[in-house]
Amino acid sequence: MNYKISQRAASLSPSLTLAIDAKAKAMKAAGEDVVGFGAGEPDFDTPQFIKDAAAKALAAGFTKYTPSSGIPELRQAIADKFKRENGLTYKPSQIIVSCGGKHSCYNVILATCQEGDEVLIPAPYWLSYPEMVKLASARPVILETTDKTEFKITPEQLRAAITPRTRLLILNSPSNPTGSVYTPEETKAIGDICVEKGVLIMSDEIYEHLLYDGATVKSVASFSPAHQEHTIIVHGFAKAWSMTGWRLGFLAAPEPIARAIDAVQSHSTSNPTSFAQKGALAAITAPLDHLKGWLVEFDKRRRFAHQKLSSIPGLSCVNAKGAFYLFPNISKTGLKSTDFCAKLLEAEKVAAVPGIAFGADDYFRLSYATSMANLEKGLERIERFCRTLAK
Ligand SMILES: *Cc1c(COP(=O)(O)O)cnc(C)c1O
């Protein structure tokens, strides 16, 4: 049998972060003493009140189809969140709840991009963006950045990259994989250009609440009605509520785009899981009290890991202001990222994700969503590894 794979599917690279995580977990299961820095998820449990709300809905028989874009009270509560936290007015019809923030991103790209369109993606990027663009038959155009600009694009760089075919810019601040954060002024400058040039922005704000060192963010949609009309905000429950396995994301879009996404979703996944939505409703209507402790813990680890990484010969590392990742530069080790991470796993049983997965081959991603004990142990091993390279 000749299993002919469609060009669309064959053009994709499978998710390297999920692959590394799976490999580290398998080594661990086989009894090896692996330290995993690959995780793209918080190591805290979902807060109990959220689990209780979902369990209660499940017990009460809330187990049937819901409207495909989410239950009305959740869409309303999400609209209220944008009003309360971002000063943005959306009707519930502009809010779509999907099966994870990743699904929200995919819906946006599928509903707005097609063959012939160019999508601007600053690198280092979240590894799914270019693949999603390819799935929509559009062309990813990568805007390179380095640690010298804290991995942020400049207005000049954006302006130079825009062509008549440019359809969409993907912004992700705070960023996965670098943890870098655009200031409100920087965000506005980028938004201004997109408004002027008629380019849409997909603003992935899933790490909105994970900020350190007094950093602040302002959604690109919030600078003027024109900015809002050019922006689709993607968000989700995975990170700030530690609900990665629940598969719940959401987006806020101009009405015609929301309608198109509703149609796409109604013919693909239909609604996100009914009782999970009840948990999400409890999450988004409650104050973010649970986050305070998490942020103290993340911040402590971030400082420790940054300091340690900065002291290791061959490595340098700009400190992150958001999310839960650091993105150290390995160019002085003489190794490219795939080699570096493969040898690190082999020699020291430390799992980290090669930067090439995010379009940046001179770096690797370290997630500090793991215990302080793991960080201490793993960073010692990374230091030992780098010292052997330096010899
Ligand atoms: C984690 C993440 C998401 C969403 O993840 P889901 O688990 O699908 O909700 C979206 N964007 C970025 C940049 C992320 O890191």
Side-chain angles (χ1 to χ4, degrees), residues 15 18 21-22 25 29 39-85 90-108 128 204-210 233-253 258 261-295 297 324 369:
S15 170
L18 295 183
D21 205 41
K25 279 179 180 149
E41 59 186 353
D43 54 320
F44 307 111
D45 196 5
T46 306
Q48 189 61 41
F49 74 95
I50 301 174
K51 294 199 232 174
D52 289 345
K56 194 171 146 209
L58 183 58
F62 194 69
T63 56
K64 300 292 162 62
Y65 292 135
T66 75
S68 66
S69 295
I71 52 176
E73 58 271 41
L74 179 55
R75 294 169 85 187
Q76 179 66 57
I78 292 168
D80 294 346
K81 169 258 181 286
F82 282 116
K83 186 80 202 162
R84 185 174 70 240
E85 295 183 353
Y90 288 104
K91 291 189 238 150
S93 57
Q94 296 178 269
I95 308 291
I96 311 275
V97 186
S98 301
C99 309
K102 187 179 271 184
H103 185 216
S104 301
C105 292
Y106 184 54
N107 277 338
V108 171
S128 294
D204 183 343
E205 302 180 7
I206 194 143
Y207 293 100
E208 176 187 20
H209 299 108
L210 303 184
I233 300 178
V234 169
H235 212 307
F237 293 94
K239 309 296 158 57
W241 292 272
S242 198
M243 292 168 67
T244 46
W246 292 59
R247 310 311 306 132
L248 281 172
F250 57 90
L251 61 87
I261 291 173
D262 182 35
V264 168
Q265 182 157 306
S266 73
H267 289 298
S268 47
T269 60
S270 293
N271 62 278
T273 304
S274 55
F275 46 91
Q277 291 185 64
K278 291 287 193 179
L281 180 62
I284 202 143
T285 50
L288 287 163
D289 292 340
H290 68 280
L291 254 187
K292 289 181 191 135
W294 294 3
L295 284 172
E297 188 58 31
F324 39 71

Lys51 and Asp45: CA distance, side-chain angles, deciding distance, side-chain contact (heavy atoms from CB on, under 4.5 Å) verdict:
CA-CA 10 Å; Lys51 294 199 232 174; Asp45 196 5; 2.7 Å; yes
Please check if the side chain of Gln277 supplies one atom and the backbone of Pro272 the other of a donor-acceptor pair under 3.5 Å.
yes
Between Leu58 and Lys56, does a side-chain contact (heavy atoms from CB on, under 4.5 Å) hold up when you go through it step by step?
CA-CA 5 Å; Leu58 183 58; Lys56 194 171 146 209; over 6 Å; no
Atom OH in Tyr207, atom CZ in Phe324: separation rounded to 0.5 Å?
4.0 Å
Does Glu205 use its side chain to pair, donor to acceptor, with the backbone of Val234 at less than 3.5 Å?
no
Please confirm whether the backbone N or O of Trp294 pairs with a side-chain atom of Glu297, one donor and one acceptor, at under 3.5 Å?
no
Side chains of Tyr106 and Thr269, heavy atoms from C-beta outward: is any pair under 4.5 Å?
no
Residue pair Lys81, Thr285: steps toward the side-chain contact (heavy atoms from CB on, under 4.5 Å) verdict
CA-CA 8 Å; Lys81 169 258 181 286; Thr285 50; over 6 Å; no
Donor-acceptor pair, distance only, cut-off 3.5 Å: does the side chain of Thr66 make one with the backbone of Ser274?
no
Backbone N or O of Ala369 within a donor-acceptor pair of the Glu41 side chain at under 3.5 Å?
no
Would you name the heavy atoms of Thr244 and Pro42 that are closest together and state the gap between them?
CG2-CD, 4.3 Å
Polar side-chain atom of His103 near backbone of Val97 as donor-acceptor pair, under 3.5 Å
no
Once rounded to the nearest 0.5 Å, what's the spacing between atom CG of Asp52 and atom OG1 of Thr46?
11.5 Å
Residues Gln265 and Ser98: side-chain donor-acceptor under 3.5 angstrom:
yes
Quick check: do Lys102 and Arg247 have side-chain heavy atoms less than 4.5 Å from each other?
yes
With side-chain contact (heavy atoms from CB on, under 4.5 Å) as the test, would you mind laying out the steps for Ile233 and Tyr90 before giving the verdict?
CA-CA 11 Å; Ile233 300 178; Tyr90 288 104; 3.8 Å; yes
Could you grab the distance from atom CD1 of Ile50 to atom CD of Gln48, nearest 0.5 Å is fine?
10.0 Å
When every non-hydrogen atom of Asp204 is compared with those of Cys105, the smallest separation belongs to OD2-SG, 3.9 Å
For the CD1 atom of Ile95 and the CG atom of Leu251, what is their distance to the nearest 0.5 Å?
7.5 Å
Between Ser104 (side chain only) and Gly100 (backbone N and O only), is there a donor and an acceptor less than 3.5 Å apart?
yes
With rounding to the nearest 0.5 Å, note down the distance linking NE2 in His209 to CH2 in Trp241.
5.5 Å
Return the OG to CD1 distance between Ser68 and Ile261, rounded to the nearest 0.5 Å.
11.5 Å
